[in-house]
Amino acid sequence: MKVTSRKSELLRMRHALPGKVGLVPTMGALHAGHVSLVDTVRRRADCVIATIFVNPTQFAPHEDFEKYPRGMEADLAAFEQAGVDLVYTPAASEIYPDGPKVTVRAGPAARGLESLSRPHFFDGVCTVVSALFDHTEPDVAVFGEKDFQQLKVIEEIAATRDTPIEIVPGETVRDAHGLALSSRNSYLSPRELETARSLNRLLLRTAGELRADPGNAAQSVATGMQALRNAGFDDVDYLEVRWSRLLAAVTLGPTRLIDNVPL
Ligand code: PAF
């Protein structure tokens, strides 16, 4: 596995890769969900490039950019074991030569949901993902379904590019209790972890009610919100149906969790 943090070197290494190239963009702090993304893209490409970059423009000043978990050595070992061919770990100056500022605006899929409490987020994601697409020139790229709105936002920006990039959804990987794996789960105390594990179960219950009685959707969603509060979540940012999925964001102390299930 080759590793580089320099764009000029990356381009040389990328052009030496044979066949179709798949991309797995990450912010590091890897878990089994990231390995599954590598496996997903590997099925559609001959070679895999992974990137590790904690992107400052998708964090608001009060958010967790500084404390976001970082562990380059373990991440590289995990990518090596997963069979990644090339890892790009750019310095911020490679992505943002003129300083960290947003240059790509997200499209209509960014409206509502995450944007209600994180209005900066998708423009930051679109800016970094566009730079990573430019630098790595992939044929196909994978984004996890756990961040379902992000997946939809990225499908929109990929569709506007001159060179097509196929965007592939990566299935959500969960622990034995149904909690979607996330690098931010490491922030949870044992007690918060117990509560977090009820999120998926309650989403599935509400999704079942929505399927059984579509005419009563508003009531099912209201009941679902109350159930999340009763389970111990401090706040429910949203519980909403879009793209034939039920999507939720909740907070637990200082930690914000998102999840979604198909309807
Ligand atoms: O989903 C993530 O980990 C990040 O938002 C991404 C797509 C790597 C952009 O920084």
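Atoms within a ligand are numbered from 1 in the order they appear, just like the ligands themselves. All values reported here derive from a predicted model rather than from experimental measurement. Residues take their numbers from the sequence shown, with the count starting at 1.
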>> Would Thr26 count as being in polar contact with ligand 1, using the rule that some N or O on each side must be under 3.5 angstrom apart?
In response: no
> How far is atom 3 (O) of ligand 1 from its nearest protein heavy atom, and which residue and atom is that?
Replying inline: Met27 CG, 3.8 Å
>> Given the ring of Tyr187, does Lys67 sit roughly above its face, with NZ or CZ under 6.0 Å from the centre of the six-membered ring and within 45° of the axis?
In response: yes
>> Give me the residue, atom name and distance of the protein heavy atom closest to atom 1 (O) of ligand 1.
In response: Gln150 NE2, 2.9 Å
> Where does the angle between the aromatic ring planes of Phe53 and Tyr96 fall among parallel (under 30°), tilted (30 to 60°) and perpendicular (over 60°)?
Replying inline: tilted
> Should the proximity of Thr51 to ligand 1, defined as any heavy atom under 4.0 Å, be assigned to the side chain, the backbone, both, or neither?
Replying inline: neither
>> Does the Lys NZ or Arg CZ of Arg14 fall within the cation-pi geometry relative to Phe133 - under 6.0 Å from the ring centre and within 45° of the axis?
In response: no
> Can you list the ligand 1 atoms lying under 4.0 Å from a non-hydrogen atom of Val128?
Replying inline: 9 (C), 10 (O)
> Any nitrogen or oxygen of Gln58, main chain or side chain, under 3.5 Å from a nitrogen or oxygen of ligand 1?
Replying inline: yes
> So, Ser117 and Arg256: side-chain donor and acceptor under 3.5 Å apart, yes or no?
Replying inline: yes
Expected list for residues 158-171: side-chain donor-acceptor pairs under 3.5 angstrom, two or more places apart:
| unit_1 | atom_1 | unit_2 | atom_2 | d |
| --- | --- | --- | --- | --- |
| Thr160 | OG1 | Ile157 | O | 2.7 |
| Arg161 | NH1 | Asp134 | OD1 | 3.4 |
| Arg161 | NH2 | Asp134 | OD1 | 2.7 |

